[in-house]
*Asks:* 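Have a look at the structure that comes next, please.
Side chains are part of it too, since the values below use all heavy atoms of this structure and drop only hydrogens, waters and symmetry mates. Chain letters run A, B, ... following the sequence lines, proteins first, then strands; residues in each count from 1.
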Amino acid sequence: MTNLPKIYAPQEIEGKWYQFWQKNDYFHAAATSEKQAYAIVIPPPNITGSLHIGHALDNTLQDCLIRWRRMQGYNTLWMPGTDHAGIMTELIMERKLADEGTSRIALGREKFVERMWQWKEETSDYITSQLQQLGCSCDWERERFTYDEGSCKAVNTAFVKLYNQGLIYRDTYMANWCPNCVTVLSNLEVEPIEVDGNFYHIRYPVKESDVVLEIATTRPETMLGDTAVAVHPDDERYQHVIGKTARLPLCDREIPIIADAYVDREFGTGALKVTPAHDPNDYEIGLRHELEQRTIFTQDGHINEAAPEKYVGLSRWNCRKQVVEDLENLDYLVKIVPHRHAVGHHDRCGTVVEPAISPQWFMNVRPLAQRAIEASQKGEVRFIPERETDRFYHWMEIIEPWPISRQRWWGHRLPIWYCNACDAVVAAMETPQQCKCGASDFRQDEDVLDTWFSSGLWPFSTMGWPEETEELKTFYPTSVLVSGWDILFFWVSRMIMLGLGCMDKVPFQTVYLHGLVADEKGQKMSKSKGNSIDPLETIDTYGTDAFRFALANASTPNPYVSLPESQIESGRRFANKIWNAARFILMNLEKHPIPAGVKVVKTEQEPLEITWIRSRLSHTIKTTTEALENFRFYEAAQTLYAFLWHEFCDWYLEFAKQRIAQEKPEALWVAADVLEQTMRLLHPLMPFLTEEIWQQLLLNGTGTTSQADTSVTIAAWPEPKDENSTAETTMATLMEVIESIRSIRGELNVPIGASVEVHIQSPNSEVRERLETYLAQYLPAFTRVAGITIAESLQKPPASAEAVIGELAIYIPLADVIDLDAEHARLSKRHQQATKDVVSAQKTLDNPNFVQRAPEKVVAQKKAQLQRLLIEQEKLARSLAMLTESGGENDD
RNA sequence: GGGCGGGUAGCUCAGGUGGCUAGAGCGACAGCCUUACAAGCUGUAGGUCACAGGUUCAAGUCCUGUCCCGCCUACCA
């Protein structure tokens, strides 16, 4: 007896097979190959990270694609790697350091970076081992890191190239500043969050007049940096003060009153305080009117010497309190009105960002964005779902210069050098030897690059760029990029732009943007919200395959997908079901081994159930393949689930049991064959279980694939070649009959053990013939029968239950056990339903327009449907009448 | 303010270009330890497809409007 446990234990299977795959190098892609290339670069996870639900979904889908294409015979490359993740990683390290009682600043740049590398070495294996637990078939020999030597070279090359094209430049400009991280940020890194704030109405007296301007602001502390008051040029209320001077309270300064059309007369008091150094709009106004840019904050968000001494050194928030208190005391405060508004926060650390003026390096992404739009319009890159295309265009159209320098330490230092003698700026791969002024003393820019700059080069930096490698020739542009839609702007569009900028080609042909996993409340799952499913715990409890299946099954086209625990549970049951089906087949193969070299050949005499299951398998192969081609993972999952469980197990294996009992093992061998092919189909979704079963089947002589195949990972993807609609129709009739009988037995509570007599009446000789041929052999597998009678016409036996399928009637005499009331209720319900359907069909057909205008096929279908319904209705009516006569109650 | 997605069974969701009697999983109910699986098997119940109009022979599906929910986006101090 095959020694397989009754319950599938994933833990005992999974580790073993991953090692086997790696040992045999199945995941390694050849740099050159006759085969067509298929490549995906992984969205590199943060080195410090642990696998969260988003990774699990993202990587499961990628692995599905890669495994599927590998089986289809492509030279598949799944490029793995990790991301140094800039500020994010630094912040985590800083928390660690704080726990140790030290800090980044205390350590100093050199020590800090050293410490980061050390930590990277310690943790980076962790995330990759988790990906392996998930079954990811990455080419680990090629594993990369966004801050490794190759990436550094790519980053410097790209930077210098874009600099020389004039796309990278330095500018002093207002940008978002994080006082906590002490660095500039791009707009994307700023998350606007609605907060409850106030409008502070403040009096600004006009010099040499009794006029007092009332000005509303949400940020009173910035008044210390005010350098003007602005009103609308056409505002009648303020004509007389334009050109005059206002006295800035608390500061003992005088500021001009200017007219600028930006001011909204309707809003607030119609008078605006202008702080060019601390507000983007005021900055613009300041430029137009050549106002002083008075910066009053230090880099870490405290008040500097530009403000009155009293406030120097206060934090932004304490300063606000102090300013309000002082205004109040000096009677400059009119009122405070509660006001809810959006305030920008740094998405990584949550600090309120400060618009600030600083010299930074920018990338002019406009020209590249334009090319990206054109590439998309030409179809060089395609977005799935399609709606993402519009989001992409919109972003590319409104895109602004990208500030790429960061005042941080963990990352690629800008390849920019300044001559210590003449301050000349040089962009170069390495420290320049000599300046044009003759000096040879240079210092490198202190800043590092935005982490997205290096990850933007990922699709080609991982392939060896800037060298002209075989990998680039073979795999670039890659086939698909798989990612959540939430990083379309951060990462995907940057890759497209930088791909065009550096390679002159888009980095991937297709972008598949899957949904984000949400909890029951529709909230995106994230660790910080505490509503997250832990993939590793889930894998422990349910097994990787169950989890992966659930993820694929949840992966509908919606922007948010939900993954209730019950769905994972369902995956586990499915795995167990497959396991047991395999167990049944393997156990029986021991008694009826497949003779060497025997193939179950198709013949005229082939039993119906074999033709049928092969046809259904072909159908399943076709549907699954199409689903994967269109990134409809949920459809692939559902198709396989339905086939395996409800067709193969529920029906075919039951037929097979009969055949085995009749000493006709072909049915078993076919079962093994169908299971083997189904394991191949299911492999991309459930790699471990399918490998285990596939290997077991191989040991038992089921080798329909070529002898060279030693693993399902490289077995050929099945081909649909056995579709047979005749067999499907015949089987459908049989199934209907069997289901009707089971339904009668169930509803009338006929004991399982009781055998029943079945009488079938059908005027259709073809149907009768089919039933005569097959019913006797199949029916006993599904229900206990004492005898079967099939006739063109026959009297309904007394005290019998009845089912009607079109013109076919089934009678089951139940003399002793029949409950006439129950039978009456049953038939009555069906009669009502039939009547309803008749009315509806009749109505459609009575409409002359329908008959005239609808396609012939549809009309014919409708007519046939009505015909069938009418017959059913009539039969049911007659039987009901008979029942009533013979004493059944009609209390409907 | 603008845009996008959604509202289908108690719950989570499918329903490519309009056309079988609107489906699945989970849950519910009833009955079964039937020799692969009780993590199973069999049967049953459960839906005005958010609402109101419209187009059409035909609408869950297309159009218009309304109401909810979610998200993205915008400089209203």
Side-chain angles (χ1 to χ4, degrees), chain A residues 4 6-8 192 199 215-219 222 230 262-264 266-269 271-275 279-282 284 339 341-342 385 387-388 390-391 394-395 398 485-486 489 515-516 518 520-524 553-554 556-567 569-588 630 632 634-635 638 641-642 646 649-650 653-654 657 661 739 742-753 782-784 833-834 836-837 840-841 844 847-855 857-859 861-862 864-865 869:
Chain A
L4 293 175
K6 265 172 103 164
I7 289 173
Y8 173 56
F199 260 137
I215 291 174
T217 179
T218 52
R219 303 193 52 197
T222 62
Y262 165 77
V263 180
D264 182 350
E266 312 296 318
F267 193 84
T269 60
L272 173 71
K273 63 191 268 312
V274 183
T275 322
D279 180 277
N281 298 308
D282 294 8
E284 296 294 331
H339 176 63
H341 61 136
R387 61 170 178 262
E388 300 294 342
D390 287 337
R391 279 183 69 224
H394 180 242
W395 176 246
I398 64 162
W485 53 260
D486 54 335
F489 304 149
L516 309 180
E520 313 79 53
K521 292 180 208 121
Q523 295 279 305
K524 178 184 165 183
N553 201 26
T556 67
N558 282 343
Y560 288 92
V561 301
S562 65
L563 189 68
E565 188 115 11
S566 64
Q567 196 146 169
E569 172 65 29
S570 171
R572 171 166 72 168
R573 289 190 201 174
F574 184 44
N576 194 55
K577 185 74 180 176
I578 300 166
W579 177 256
N580 274 289
R583 207 170 136 248
F584 170 77
I585 290 167
L586 291 167
M587 273 161 36
N588 280 285
N630 292 295
R632 291 200 292 261
Y634 61 96
E635 196 185 327
Q638 279 171 12
Y641 184 97
H646 296 304
C649 290
D650 287 353
L653 288 185
E654 296 304 320
K657 279 179 192 169
E739 278 167 348
R742 288 205 294 216
S743 173
I744 287 174
R745 294 188 60 132
E747 284 189 66
L748 297 182
N749 296 318
V750 177
I752 296 292
F782 296 94
T783 190
R784 293 208 183 189
Q833 183 60 47
K836 210 176 112 194
D837 294 342
S840 147
T844 306
N847 184 340
N849 283 325
F850 171 74
V851 184
Q852 266 168 36
R853 300 196 198 178
K857 206 177 128 194
V858 175
V859 177
Q861 267 174 13
K862 209 39 147 187
Q865 185 199 334
L869 285 168

*Asks:* In terms of ring plane angle, is the pair A:F267 and A:F199 parallel, tilted or perpendicular, where the classes change at 30° and 60°?
*Replies:*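 Taking A:F199 first and then A:F267, their aromatic rings stand perpendicular (interplane angle over 60°).
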*Asks:* How would you label the contact of A:P192 with the nucleic acid (heavy atoms, under 4.0 Å): base, sugar-phosphate, or nothing?
*Replies:* nothing
*Asks:* Taking the P atom of each, how far is B:rU56 from B:rG1, in whole Å?
*Replies:*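 It works out to 35 Å between them.
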*Asks:* Select one nucleotide: of B:rU12, B:rC71, B:rC26, the one nearest the side-chain heavy atoms of A:S562.
*Replies:*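 Out of B:rU12, B:rC71, B:rC26, the nucleotide with an atom closest to A:S562's side chain is B:rU12.
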*Asks:* Within the 4.5 Å heavy-atom criterion, are A:T222 and A:K273 side-chain neighbours or not?
*Replies:* yes
*Asks:* Could you say whether A:R387 or A:L653 is positioned toward the 5' end of RNA chain B, judged by the nucleotide with the nearest heavy atom to each?
*Replies:*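 First, find each residue's nearest nucleotide; the 5'-ward one identifies A:R387.
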*Asks:* When you measure from the side chain of A:M587, which nucleotide among B:rC76, B:rG6, B:rA36 comes out closest?
*Replies:* B:rA36
*Asks:* Does any non-hydrogen side-chain atom of A:M587 lie less than 4.5 Å from one of A:R583?
*Replies:*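 SC-SC contact between A:R583 and A:M587 confirmed.
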*Asks:* How is A:E388 classified with respect to the nucleic acid when contacts are heavy atoms under 4.0 Å: base, sugar-phosphate, or nothing?
*Replies:*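 Touches nothing.
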*Asks:* Nearest to the side chain of A:I7, which nucleotide is it out of B:rC26, B:rA77, B:rA39?
*Replies:*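 Of all the options, the side chain of A:I7 is nearest to B:rA39.
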*Asks:* Would you mind telling me which of B:rG40, B:rU34, B:rC76 lies closest to the side-chain atoms of A:D264?
*Replies:*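 Given the options B:rG40, B:rU34, B:rC76, the side chain of A:D264 is closest to B:rC76.
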*Asks:* Which part of the nucleic acid, if any, lies within contact of A:E747, taking any heavy atom under 4.0 Å across all strands shown: a base, the sugar-phosphate backbone alone, or nothing?
*Replies:*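 If one applies the 4.0 Å heavy-atom cut-off, A:E747 turns out to touch the sugar-phosphate alone, with no base involved.
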*Asks:* If you check the A:S743 side chain, which of B:rC37, B:rA77, B:rU44 turns out closest?
*Replies:* B:rU44
*Asks:* Do A:L653 and A:I585 have side-chain heavy atoms sitting under 4.5 Å apart?
*Replies:*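 Yes, at least one pair of side-chain atoms sits under 4.5 Å.
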*Asks:* Within less than 4.0 Å of OP1 or OP2 of B:rG15, is there a side-chain N or O belonging to A:Y634?
*Replies:*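 Yes, within the criterion.
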*Asks:* Can you check the distance between B:rC51 and B:rU61, where both ends of the measurement are the P atom (answer in whole Å)?
*Replies:* 11 Å
*Asks:* Tell me the interatomic distance from A:N576, atom CG, to B:rC37, atom P, rounded to whole angstroms.
*Replies:* 10 Å
*Asks:* Hey, is the side chain of A:H339 poking within less than 4.0 Å of OP1 or OP2 on B:rC76, counting only N and O atoms?
*Replies:* no
*Asks:* So what's B:rG23 paired with, Watson-Crick or G-U wobble, going by both distances under 3.5 Å?
*Replies:* B:rC13
*Asks:* Check for me whether A:R572 meets the cation-pi criterion with A:Y8, that is, NZ or CZ under 6.0 Å from the six-membered ring centre and within 45 degrees of the ring axis.
*Replies:* no
*Asks:* For B:rG54 and B:rA9, measure between their C1' atoms and round to the nearest Å.
*Replies:*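 Rounded to whole Å, the distance is 29 Å.
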*Asks:* Let's see if you can work this out: which of B:rG15, B:rC13, B:rU73 has an atom nearest to the side-chain heavy atoms of A:H394?
*Replies:* B:rU73
*Asks:* Distance to the ring centre below 6.0 angstrom and angle to the axis at most 45 degrees; does that hold for A:K657 and A:F584?
*Replies:*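 Yes; both conditions hold, so A:K657 lies above the ring face of A:F584.
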*Asks:* Where the side chain of A:S566 is defined as all heavy atoms beyond and including C-beta, which of B:rU12, B:rC26, B:rA77 is the nearest nucleotide?
*Replies:*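 For A:S566, the side-chain atoms sit closest to B:rC26.
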*Asks:* Looking across every strand, which nucleic acid part, if any, lies under 4.0 Å from A:F574 by heavy atom: base, sugar-phosphate, or nothing?
*Replies:* nothing
*Asks:* In this structure, how many angstroms lie between the P atom of B:rC76 and the CG atom of A:D279, rounded?
*Replies:*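 To the nearest whole Å, that distance equals 11 Å.
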*Asks:* With nearest nucleotides of RNA chain B determined for A:P559 and A:Y641 from heavy-atom distances, which residue corresponds to the more 5′ nucleotide?
*Replies:*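 The 5'-side residue here is A:P559.
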*Asks:* Given atom OH of A:Y560 and atom P of B:rG70, what is their separation to the nearest angstrom?
*Replies:* 11 Å
*Asks:* Compare all side-chain heavy atoms of A:Y634 with those of A:V561 and state whether any distance is below 4.5 angstrom.
*Replies:*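 In short, these two side chains do not touch, never coming nearer than 4.5 Å.
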*Asks:* Write down the partner of B:rC4 under the Watson-Crick or G-U wobble criteria, each distance required to be under 3.5 Å.
*Replies:*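 Looking at the geometry, B:rC4 pairs with B:rG70.
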*Asks:* Does B:rC26 have its OP1 or OP2 closer than 4.0 Å to a side-chain nitrogen or oxygen of A:R573?
*Replies:*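 Yes, because at least one side-chain N or O of A:R573 sits under 4.0 Å from OP1 or OP2 of B:rC26.
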*Asks:* Expressed in whole Å, how much space separates the P atoms belonging to B:rC37 and B:rC49?
*Replies:*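 My reading of the P atoms in B:rC37 and B:rC49 gives 44 Å.
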*Asks:* Is A:R784 atom CZ crowded by more than 12 heavy atoms from other residues, nucleotides or ligands, each under 6.0 Å away?
*Replies:* no
*Asks:* From the list B:rC37, B:rA77, B:rG16, which nucleotide is the closest neighbour of the side chain of A:R583?
*Replies:* B:rC37
*Asks:* With distance as the sole criterion, do the side chain of A:K657 and the base of B:rA36 form a donor-acceptor contact below 3.5 Å?
*Replies:* yes
*Asks:* With a non-hydrogen cut-off below 4.0 angstrom, is A:D650 in contact with a base, only sugar-phosphate, or nothing?
*Replies:* sugar-phosphate
*Asks:* Please tell me which of the listed nucleotides, B:rG19, B:rC37, B:rA39, lies nearest to the side chain of A:A854?
*Replies:* B:rG19
*Asks:* Considering every strand and a 4.0 Å limit on heavy-atom distances, what is the contact class for A:N558: base, sugar-phosphate, or nothing?
*Replies:*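 Here A:N558 touches the backbone only, sparing every base.
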*Asks:* Between B:rC62 and B:rG6, how far apart are the P atoms? Round to whole Å, please.
*Replies:*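 Those two atoms are separated by 9 Å.
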*Asks:* Provide the Watson-Crick or G-U wobble partner of B:rC62, both distances under 3.5 Å; none if there is no partner.
*Replies:* B:rG54
*Asks:* Any donor-acceptor pair under 3.5 Å between the side chain of A:K6 and the base of B:rC37?
*Replies:*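 Side chain to base: no pair present.
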*Asks:* Using a cut-off of strictly less than 4.0 Å, decide whether A:T844 has a side-chain nitrogen or oxygen near OP1 or OP2 of B:rA58.
*Replies:*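 Checking B:rA58 against A:T844, no side-chain N or O comes under 4.0 Å of OP1 or OP2.
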*Asks:* Taking atom C1' of B:rC26 as reference, at what distance in whole Å does atom CG of A:L563 sit?
*Replies:*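 My rounded result for the distance is 13 Å.
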*Asks:* How close or far is atom P of B:rC13 from atom CD of A:Q567, stated in whole angstroms?
*Replies:*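 Nearest whole value for this atom pair: 9 Å.
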*Asks:* Which value, in whole Å, describes the distance between the C1' atoms of nucleotides B:rU55 and B:rG18?
*Replies:* 12 Å
*Asks:* For B:rG16, measure the glycosidic angle (O4'-C1'-N9-C4 for a purine, O4'-C1'-N1-C2 for a pyrimidine) and name it syn if it falls within 90° of 0, otherwise anti.
*Replies:* syn
*Asks:* Whom does B:rC41 pair with, Watson-Crick or G-U wobble, provided both distances fall under 3.5 Å?
*Replies:*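 Answer to the pairing question: B:rG31, which forms a Watson-Crick or G-U pair with B:rC41.
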*Asks:* Just so I know, are the side chains of A:W485 and A:E388 near enough to count as touching, which here means a heavy-atom distance under 4.5 Å?
*Replies:* yes
*Asks:* Determine the interatomic distance between C1' on B:rC76 and the same-named atom on B:rG16; round to the nearest Å.
*Replies:* 44 Å
*Asks:* Write down the distance separating the P atoms in B:rU8 and B:rA45, rounded off to the nearest Å.
*Replies:* 23 Å
*Asks:* Roughly how many Å is it from CD in A:E569 to C1' in B:rG25, rounded to a whole number?
*Replies:* 12 Å
*Asks:* Just how far, in rounded Å, is P of B:rA24 from CZ of A:R632?
*Replies:*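 Atom-to-atom, A:R632 to B:rA24, this comes out as 20 Å.
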*Asks:* Can you tell me the distance, in whole Å, between the CG atom of A:L272 and the C1' atom of B:rC76?
*Replies:* 10 Å
*Asks:* Which of these nucleotides, B:rG19, B:rA39, B:rA36, is closest to any side-chain atom of A:R572?
*Replies:* B:rA39
